[in-house]
Protein chains: 2
Amino acid sequence: MPKYEQIAQDIRKSIEDGALAPGDRLPTVVELCDLYGVSKITVRKAVEQLAEQGFVSSRRGSGTYVKASPEAQGSENSAHGGDALYMGRKDRSIGFMREHQNDGTVTSDIYEFEVVEPPAEIAQRLDMEPGGFAYHDVRVRRLDGVPIVQEDTYMPLDLASGLKRQHLETSIYDFLRNEKGLKLSSFHRIMRAVAASKVEAERLDIKPNDPLFEIEQIGFLDDGVPFEYSVSRNVGSRTEMHDVNLT
Amino acid sequence: MPKYEQIAQDIRKSIEDGALAPGDRLPTVVELCDLYGVSKITVRKAVEQLAEQGFVSSRRGSGTYVKASPEAQGSENSAHGGDALYMGRKDRSIGFMREHQNDGTVTSDIYEFEVVEPPAEIAQRLDMEPGGFAYHDVRVRRLDGVPIVQEDTYMPLDLASGLKRQHLETSIYDFLRNEKGLKLSSFHRIMRAVAASKVEAERLDIKPNDPLFEIEQIGFLDDGVPFEYSVSRNVGSRTEMHDVNLT
DNA sequence: AAGTGGTCTAGACCACTTC
DNA sequence: AAGTGGTCTAGACCACTTC
């Protein structure tokens, strides 16, 4: 782990255990350099990471201050009703399985699993050659038996060759990473609120027209190649998405 | 504008006008240093910005590659139905007014405007002293006459003192920035899909139980002090949120 | 072995806030 | 005037990919 991450982690701990309270000013950049025995650029990178994660805010000429913690927000939300899906911190948004591996037991209902020529508009988003084939699957993911989300996914055949039903039941991303050696790098997402169709309602154990949190997503490898197009529809009452936004 | 932003902008232009196509490799970091006459750290910062914005992906030992452009995604979405609200690129998510100032005419219906002792749970999120007062307002924002979102907002009285009805009709953020000299720095958000109540449906010109895209948000100043708590409910069929997520 | 991106040093200079 | 964060230089060393 690089130095700047260690420093960020150390300061983050001080905030989380209360040694640094909301409104407090952090030591100055120069003081932190002395304290950790590193150069300014390393401290700056640590502070930038803390800012991205929502822990601090820097004010030129004045100092760096502790914000009300995102964790406090997090805990409060569950009271709001959304008790199932936590997404959003950048490092956590890497698949349903990984998000929920500590939450309970994940299972899947598989409704479709086939190899097809994808619709032109999807092929284009996946940067596929005309006539190329792709895996297509539709799953409902359950947490401790409760249906959370329906995922409709396309993956180019040549990137994901060897994909089997058993991977759909656990984690496609684990298969891509561990068995195919791919490095998943980033996701472009569009989120919307939509109404459940009759079929979706049945699969997700809700009522038709109940609100769904839709995520249309393209996943990219570290060489910029798209490996996945998916539309997931999350049960509104069991889903919330967290986000920190810097201006 | 700092050098690294100029360089990022320059490379971004090359991508947008097609000089660099998806899948292409950028010049190496060292080549870019020579090309722009800057040091390595400056080029790295430019490339990091491009990665955050979803334009490129870097692969250690190999190179930096152009991804399928987010703009291509953007244009495709409007075909999908969501033709009104574009959010998400970090630098654009700073208020309804600013997001739509080029889209059409923004107007407001004001349903509530008062100074109150906020509910305990909201006062806590705003880090307010017990017994403190806050502005509270409920507005519906329209774009060219079409209702898009209902916003329910609390702001501490001492931070926003002088707020008037006229500011609710244009932009509260402009008032805070220009007249109060505040620097809005970041927002913590939680997003959900919910169903419209009867009252909301009436105000937004939709049907009860139609899906709404809810954003619960706390806004922070550059010294880490929260200045705003708001819950906005956006008409699902007129809203989409864009996002780039790095792992 | 050669080439690539990622981290880091030890400074310098500047913009801005605070007094 | 003094103190703060933000940017930048000219290198160095390393992890990883490619051949």
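Keep in mind that the numbers below use all heavy atoms, side chains included, and drop hydrogens, waters and symmetry copies. Below, read A as the first sequence line, B as the second, and so on, with proteins coming before strands; counting in each chain starts at 1. From a predicted model like this one, the values you see are computed outputs, not experimental measurements.
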With sequence neighbours left out, what residues match A/Ala51 under side-chain contact (heavy atoms from CB on, under 4.5 Å)? A/Val56
For B/Glu31 and for A/Glu5, find the nucleotide of DNA chain C with the closest heavy atom, then tell me which residue's nucleotide is more 5'. B/Glu31
For B/Ser161, enumerate each residue passing the side-chain hydrogen bond (donor to acceptor under 3.5 Å, both in side chains) test, keeping only those at least two apart in sequence or located in another chain. B/Lys180
Under the salt bridge (Lys or Arg N to Asp or Glu O under 4.0 Å) rule, collect the residues that match up with A/Asp127, sequence neighbours excluded. none
Taking 5' to 3' order, which nucleotide of DNA chain C is first and which is last to have an atom within less than 4.0 Å of a heavy atom in chain B? C/dG3 to C/dT17
Could I get the full list of side-chain hydrogen bond (donor to acceptor under 3.5 Å, both in side chains) partners for A/Thr153, not counting sequence neighbours? none
The answer to which of B/Arg25 and A/Ser62 contacts DNA chain C further toward the 5' end, by nearest nucleotide, is B/Arg25
Taking side-chain hydrogen bond (donor to acceptor under 3.5 Å, both in side chains) as the test, write out the residues that go with A/Ser230, two or more places apart. none
Please give me every residue in residues 34-47 of chain B whose heavy atoms get under 4.0 Å of an atom in DNA chain D, ordered by residue number. B/Gly37, B/Val38, B/Ser39, B/Lys40, B/Ile41, B/Thr42, B/Lys45
So does A/Asp222 pair up with A/Lys183, basic N to acidic O under 4.0 Å? no
Results of side-chain hydrogen bond (donor to acceptor under 3.5 Å, both in side chains) for B/Glu114 - residues two or more places apart only: B/His136
Salt bridge (Lys or Arg N to Asp or Glu O under 4.0 Å) filter on B/Arg44, not counting sequence neighbours, yields B/Glu48
Distance-only criterion, 3.5 Å: show the donor-acceptor pairs between side-chain atoms of residues 18-31 of chain B and protein atoms not counting sequence neighbours.
unit_1	atom_1	unit_2	atom_2	d
B/Asp24	OD2	B/Ala21	N	2.9
B/Arg25	NH1	B/Ser62	O	3.1
B/Thr28	OG1	B/Glu31	N	3.1
B/Glu31	OE1	B/Thr28	N	2.9

Runs of at least three consecutive Watson-Crick or G-U pairs, both distances under 3.5 Å, are what I'm after; which ones involve DNA chain D? C:1-18 with D:1-18
So, using ring pair (Phe, Tyr, Trp, His ring centres under 6.0 Å) as the criterion, who are the partners of B/Phe175 when residues are at least two apart? B/His167
